[in-house]
Amino acid sequence: MGILDIFKKKNDPSNKKYRLEMAQRIAGQAIKYVTERRDNVEEVIGKGGCMSLHNGEFIVFSSSDTVFRCKAEELEAWELLSKDGVVLTGPDIEHGGAVRTIIAFYVYYRK
């Protein structure tokens, strides 16, 4: 452990442990809809569904289909400032390993 390791950020998105913790935190969230930006146009690619973590893979299930599937340790995820959803980026196993970025908006539940 070097002196610079002390100053590393605790929540470093490139850290495998952070990625797994983030995947666990957002898994189980109900989804209102999922969008993807294609050719500078935001398209809805799914409505309804949920996100889950199964056998080390993070899965986004929407519109009766798997719209995104990525290994949790390769998933980059960050919540929107409004906390209404999450941005997910990673190699999508479901679509031939192409790196995709999608936004999943949570179902709003009044507590």
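Remark: the backbone N or O of Val99 is not paired with any side-chain donor or acceptor of Asp92 at under 3.5 angstrom. Proximity of a side-chain donor or acceptor of Thr66 to a complementary backbone N or O of Phe61 within less than 3.5 Å is not detected. In this structure, the side chain of Ser52 does not engage the main chain of Ala27 through any donor-acceptor pair within 3.5 Å.
If you take CD1 on Ile31 and CD1 on Ile26, they are separated by 9.0 Å, rounding to the nearest 0.5 Å. For the atom pair Arg19 CZ and Glu73 CD, the distance stands at 9.0 Å (nearest 0.5 Å). The distance from the CD atom of Glu74 to the NZ atom of Lys16 is 10.0 Å, given to the nearest 0.5 Å. Interatomic distance, Arg69 CZ to Ile93 CD1, rounded to the nearest 0.5 Å: 5.0 Å. Interatomic distance, Glu94 CD to Asp65 CG, rounded to the nearest 0.5 Å: 7.0 Å.
Counting heavy atoms from C-beta outward, Thr35 and Phe105 have side chains that approach closer than 4.5 Å. Taking the side chain as every heavy atom from C-beta outward, Arg25 and Val86 never approach each other to under 4.5 Å. Side-chain atoms of Thr89 and Trp78, non-hydrogen and from C-beta on, do get closer than 4.5 Å to each other. Taking the side chain as every heavy atom from C-beta outward, Met51 and Leu88 approach each other to under 4.5 Å. The shortest side-chain heavy-atom distance between Leu80 and Ile103 falls under the 4.5 Å cut-off. Within the 4.5 Å cutoff, no side-chain heavy atoms of Arg37 are placed close to those of Thr101.
Of all the heavy atoms in Ala23 and Ala72, the pair that sits closest is CB-CB, 4.1 Å. Of all the heavy atoms in Pro91 and Gly97, the pair that sits closest is CB-O, 3.7 Å. Residue Val67 comes nearest to His95 through the heavy atom pair O-CE1, 3.4 Å, listed as atom of the first residue, atom of the second, then distance.
Partner Tyr106 forms a side chain to side chain donor-acceptor pair (under 3.5 Å) with one of Gln29, Glu79, Lys32 and no other, that one being Glu79.
A single hydrophobic cluster is not seen to contain both Ile59 and Ile45; linkage of ILVMFWY side chains at heavy-atom distances under 4.5 Å, directly or through other members, places them apart.
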Could you walk me through whether Glu57 and Lys71 pass the salt bridge (charged side-chain N to carboxylate O under 4.0 Å, His left out) check? CA-CA 4 Å; Glu57 291 183 345; Lys71 291 184 179 180; over 6 Å; no

